[in-house]
Amino acid sequence: MTHVVTDNCIKCKFTDCVEVCPVDCFYEGENMLVIHPDECIDCGVCVPECPAEAIFPDSDPAAEPQWLRLNHDYADQWPNITRSKAPMPDADALNGVPGKLADFSVKPGEGD
């Protein structure tokens with residue numbers, strides 16, 4: 001089992017979750033975070049820390065297979081992030097806006 005980051009993280013990129021992760025399994029893209037499914041220990045401590053409520057166990061219906069694939073693929077390409085940073089400029093306004101997958105960027109973030 002693992003947890004996955006889903007579309008509400010896109011263009012928000014709150015990083016509260018990365019500081020509590022005991023195994024540092026978060027990776028940073030330009031406009032979202034992902035969890036490496038092979039590194040996640042399924043502890044769930046990140047879930048309540050996410051202001052966007054974008055993290056789900058892979059057994060949850062919200063964690064559609066496309067999200068598990070996206071998390072796996074980009075965790076292998078993007079830099080690791082273990083420290084909290086400021087969210088994206090419009091994070092609060094975009095939190096909860098549906099259909100953000102169209103805004104997903106494949107570009108890596110800065111990492112730590």
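Only a predicted model underlies this, so the values are computations on that prediction, with no experimental measurement involved.
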Should D38 and H72 be marked as a side-chain contact (heavy atoms from CB on, under 4.5 Å) after you check the CA-CA gap, both sets of side-chain angles, and the distance that decides it?
-> CA-CA 8 Å; D38 296 335; H72 186 274; 3.5 Å; yes
Applying side-chain contact (heavy atoms from CB on, under 4.5 Å), run through M32 and V5 and close with a yes or a no.
-> CA-CA 8 Å; M32 82 172 288; V5 181; 3.7 Å; yes
With side-chain contact (heavy atoms from CB on, under 4.5 Å) as the test, would you mind laying out the steps for V4 and I35 before giving the verdict?
-> CA-CA 6 Å; V4 296; I35 294 173; 5.9 Å; no
Full working for side-chain contact (heavy atoms from CB on, under 4.5 Å) between C12 and M88 | CA-CA 5 Å; C12 289; M88 298 195 75; 5.9 Å; no
Run the numbers on H36 and N71 for side chain to side chain donor-acceptor pair (under 3.5 Å), then give the verdict.
-> CA-CA 6 Å; H36 198 301; N71 277 251; over 6 Å; no
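For E49, the CD atom counts as densely surrounded, since its 6.0 Å shell holds more than 12 non-hydrogen atoms of other residues, nucleotides or ligands.
Y27 is not listed as a side-chain neighbour of I81, based on a closest heavy-atom distance of 4.5 Å or more. Counting heavy atoms from C-beta outward, S105 and D103 have side chains that stay 4.5 Å or more apart.
Under the 4.5 Å side-chain heavy-atom criterion for grouping Ile, Leu, Val, Met, Phe, Trp and Tyr, V23 is not connected to V18 through any hydrophobic cluster. V106 and W67 end up in the same hydrophobic cluster when Ile, Leu, Val, Met, Phe, Trp and Tyr side chains are linked at under 4.5 Å.
Taking every heavy atom of both residues into account, C46 and C17 meet most closely at CB-CB, 3.9 Å. Considering all non-hydrogen atoms of both residues, P79 and P108 come closest at CD-CB, 3.8 Å. Contact between P22 and V45 at its shortest, heavy atoms only, is CD-CG2, 4.0 Å.
One distance of note links CD1 of I10 with CD of E30; it measures 11.5 Å at 0.5 Å rounding. Atoms NE2 and SG, on H3 and C21 in that order, are 10.5 Å from each other to the nearest 0.5 Å.
Between the side chain of D112 and the backbone N or O of T82 there is at least one donor-acceptor pair closer than 3.5 Å. Under the 3.5 Å distance criterion, the side-chain polar atoms of K100 are matched with a main-chain donor or acceptor of L94. No donor-acceptor pair under 3.5 Å is formed between the side chain of D16 and the backbone N or O of S84. Side-chain atoms of N80 come within 3.5 Å of backbone atoms of F26 as a donor-acceptor pair (strictly under, hydrogens ignored). Checked by atom type and distance alone, the side chain of T15 pairs as donor or acceptor with a backbone atom of K85 at under 3.5 Å.
Listed by chain and residue number, E28 satisfy the salt bridge (Lys or Arg N to Asp or Glu O under 4.0 Å) test with K13 (two or more places apart in sequence, or in another chain).
Using modelled atom types, one finds no donor on one side chain facing an acceptor on the other under 3.5 Å when comparing T2 with D42.
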Can I get a per-line list of side-chain donor-acceptor pairs under 3.5 Å for residues 54-64, giving both atom names and the distance, sequence neighbours left out?
unit_1	atom_1	unit_2	atom_2	d
D60	OD1	A62	N	2.7
E64	OE1	Q66	NE2	3.2

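W78 and F104 have tilted rings, their planes meeting at an angle from 30° to 60° on a 0 to 90° scale.
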